[in-house]
Structures are given as structure tokens and as C-alpha cells.
Number of protein chains: 2
Amino acid sequence: MNQRIKPTESELEILQILWQEGTTSVKCVHEKVALKRDIGYTTTLKIMQIMTEKGFCTRVLEGKSHYYTALVKEEDIQNGFIDTIVNQVFQGSAMDLVIQTLGNYKASNTEISELKQFIELMEKNQK
Amino acid sequence: MNQRIKPTESELEILQILWQEGTTSVKCVHEKVALKRDIGYTTTLKIMQIMTEKGFCTRVLEGKSHYYTALVKEEDIQNGFIDTIVNQVFQGSAMDLVIQTLGNYKASNTEISELKQFIELMEKNQK
DNA sequence: CAATAAATACGAAGCCCTTCGTACAAATTT
DNA sequence: AAATTTGTACGAAGGGCTTCGTATTTATTG
């Protein structure tokens with residue numbers, strides 16, 4: 001179960017946009033990617049075509065251009081990455097990942113109380 | 001700061017062994033890797049040579065064979081991965097990573113109290 | 001001494017990902 | 001009608017990682 005198909009870094013970048021925008025054109029995706037780094041239009045297009053082959057998204061022809069929609073859920077992809085990092089980097093200990101992340105990160109008061117609330121919920125569900 | 005040099009999956013596998021064993025020979029590393037998957041001796045050797053070039057480890061000739069030692073700290077590598085996943089997969093929200101990891105994972109009572117303790121510590125340090 | 005064993009070194013193949021250049025098609029503009 | 005624009009499709013180059021085969025060296029063993 002561990003090794004689901006993981007999107008590459010570029011694919012992830014595009015998935016983030018698809019998750020945010022819903023269904024969109026290559027042009028729209030490309031514009032957003034191009035804001036962050038230098039990249040040719042056909043590069044974005046090609047990656048999106050490959051993503052379609054891999055089943056990360058579908059596309060529909062509407063007029064002249066294609067409109068793409070993500071087929072994978074953000075949460076599932078996130079979980080895949082968590083799984084990988086826990087096993088490959090934290091020797092299987094999810095709690096180590098959690099604690100080290102918390103340790104690196106200055107949490108705000110709001111975040112801390114949210115976290116505490118979440119833990120309480122965990123405790124209740126456990127019983 | 002974000003994009004430190006990240007070891008590949010194979011390199012990570014070997015780093016785990018070096019971290020655990022301290023200074024060891026290729027033979028020893030290879031035996032441990034070979035327990036988990038099919039791999040030729042020269043493959044392990046090659047990866048360790050490349051890791052040395054990249055600065056992940058050093059080696060010392062002792063008699064006939066080389067003894068390798070990790071040069072990078074486990075914690076630093078872990079943090080690099082956390083950083084990457086937070087930015088690429090969780091849109092920069094470390095707390096989202098934490099909560100989702102906790103949600104996926106059945107924590108024991110012991111782990112939960114450890115976590116709570118850690119959070120208290122965070123709160124104190126924050127003030 | 002010859003053969004075997006134990007190591008390292010090196011190079012090349014295969015695969016995947018990224019990146020573009022170029023070609024092609026259809027519509028729009030001049 | 002010709003030229004430009006807007007899109008898609010495709011192929012190939014380049015780089016990195018993994019993998020192994022082969023060569024080489026040195027020591028050990030028969």
C-alpha cells in the first residue's frame with residue numbers, strides 16, 4: 001500500500017493549481033507556474049499531457065482548447081508523501097515526524113490551541 | 001535555505017545504515033540492504049562512492065577495504081525533507097502536516113502523553 | 001606458482017523527468 | 001486570400017539515478 005504513484009515535483013506544482021482552480025486550461029495553469037519560475041508554454045503542456053496519461057487528471061475538449069481536472073485528491077497525495085517520509089526518513093515513526101516538525105516551527109497561539117483540541121479529539125476517539 | 005541537497009531514496013537507505021552503525025564497510029552496508037531487496041554488490045558500492053563525491057559521507061582506507069562514515073546529520077536531513085514536503089505538498093503549512101499525520105496514525109497512550117508534554121514545552125518557550 | 005577470493009574502479013545501458021524546438025491545425029485578423 | 005495567433009502533438013536532447021558487467025589489484029590458499 002505504501003508505494004502509491006507519487007507525482008513529481010513539477011506535477012505537484014500543477015496539481016496544486018488544479019486543486020485550487022478546479023477545471024482549467026493549460027494557458028491558465030501555465031500563467032500561474034510562470035509567475036514563479038521561467039518555463040516554456042510547451043513544457044507546461046507536456047507535463048499536463050503526461051499527467052493525463054498517468055491518471056492524475058483528465059481533460060475535456062471545449063472549443064479549441066482542453067480543460068483539465070484533477071483526478072486525484074489532495075489529501076490522498078498528501079498521505080502518500082507522509083507515508084513515504086515516515087518510512088524512508090523517520091524509520092516508520094509518525095510521531096517522530098510530528099514532534100520534529102513541531103520543534104522546527106514557531107506555532108502561533110491559535111495553532112497551538114487547534115492542535116490541542118485535535119489531540120483531545122484523538123483521545124476521545126481512541127477510547 | 002529551502003533547497004538543500006537531498007539524498008535520493010537509495011542514498012537515504014544507506015545513510016540510515018551509516019547513522020545506525022557508525023563507521024562501516026561496504027560489505028556490511030550491502031548485507032543490510034540486500035536483506036530488504038535484490039541488489040548487486042557493485043551497485044551498493046557505486047552508490048556509496050557517489051555519496052562520497054556528494055559529501056554525504058567520507059571514507060578511510062583500512063587494510064584492503066574502505067570504511068565509510070556519514071558526514072550529514074540525520075536531523076538535518078530529516079528537516080530538509082520536512083521543509084520540502086511542507087512547501088511542496090502542504091502549501092507552507094507545517095501545522096497542516098502535523099495534524100494530517102496525527103489523523104492518519106493511531107497513536108498509543110504513551111505517545112499521546114509525550115506529545116502533550118512536548119506541546120506544553122513549546123508553550124513555555126514561546127512566552 | 002597458479003587459482004581463487006575480496007575489494008575497488010570504471011563505464012555504459014536503461015529509465016525517468018524536464019525542457020524545448022518544430023510541426024501542424026484551426027480560427028482570426030489584415 | 002495571406003498572415004498572424006492560439007492551441008495541440010510529437011520527438012529528441014540532456015541530466016540524474018540505478019544497475020550491473022568487466023577490469024584491476026592484492027591477498028590468500030592449494
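Per chain, numbering begins at 1; letters A, B, ... match sequence-line order.
- A/His66 is linked by a ring pair (Phe, Tyr, Trp, His ring centres under 6.0 Å) to nothing, counting only residues two or more places apart in sequence or in another chain.
- Under the side-chain contact (heavy atoms from CB on, under 4.5 Å) criterion, B/Ser113 pairs with no residue, sequence neighbours left out.
- In this structure, CD1 of A/Ile50 is placed 14 Å from P of C/dC20, rounded to the nearest angstrom.
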| said: Each nucleotide in nucleotides 2-16 of chain C should get exactly one letter: B, S or -. Can you fill that in based on protein heavy atoms under 4.0 Å? | reply: ----BSBB-B-----
| Can you give the dot-bracket line for DNA chain C, using ( ) for pairs inside the strand, [ ] for pairs that cross earlier ones, | for pairs with another strand and . for unpaired bases, where Watson-Crick and G-U count if both distances are under 3.5 Å? | ||||||||||||||||||||||||||||||
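- The stretch residues 38-48 of chain B participates, sequence neighbours left out, in these side chain to side chain donor-acceptor pair (under 3.5 Å) pairs: B/His30-B/Thr44.
- For A/Tyr105, the side-chain contact (heavy atoms from CB on, under 4.5 Å) criterion is met by A/Ala107, A/Glu111, B/Ala94, B/Met95, not counting sequence neighbours.
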Scan the side chains in residues 49-59 of chain A for donor-acceptor partners under 3.5 Å anywhere in the protein, sequence neighbours excluded, and list what turns up.
{"unit_1": "A/Thr52", "atom_1": "OG1", "unit_2": "A/Met48", "atom_2": "O", "d": "2.8"}
{"unit_1": "A/Lys54", "atom_1": "NZ", "unit_2": "A/Glu11", "atom_2": "OE2", "d": "2.7"}
{"unit_1": "A/Arg59", "atom_1": "NH1", "unit_2": "A/Tyr68", "atom_2": "OH", "d": "3.1"}

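- Side chains of A/Thr8 and A/Ile47 form no contact here, defined as non-hydrogen atoms less than 4.5 Å apart.
- Here A/Glu31 pairs with A/Lys27 under the side-chain contact (heavy atoms from CB on, under 4.5 Å) rule; sequence neighbours left out.
- There is no side-chain donor-acceptor pair under 3.5 Å between A/Gln100 and B/Glu75.
- What separates CE of A/Met51 from C1' of D/dA9 is a distance of 18 Å, to the nearest Å.
- Here B/Ser10 does not reach the OP1 or OP2 of D/dC17: none of its side-chain N or O atoms lies under 4.0 Å away.
- Atoms CD (B/Glu9) and C1' (D/dG16) sit 15 Å apart, rounded to a whole Å.
- Within the structure, every side-chain polar atom (N or O) of B/Arg37 is placed at least 4.0 Å from both OP1 and OP2 of D/dT18.
- Take A/Gln16 and apply the side-chain contact (heavy atoms from CB on, under 4.5 Å) test, not counting sequence neighbours, and it matches A/Trp19, A/Glu74, B/Gln91.
- The NE2-P distance, from A/His30 to D/dT8, rounds to 12 Å in whole Å.
- Distance, A/Glu11 CD to C/dT19 P: 12 Å, rounded to whole Å.
- Nucleotide D/dC17 holds its C1' atom 14 Å from the CG atom of B/Leu12, rounded to whole Å.
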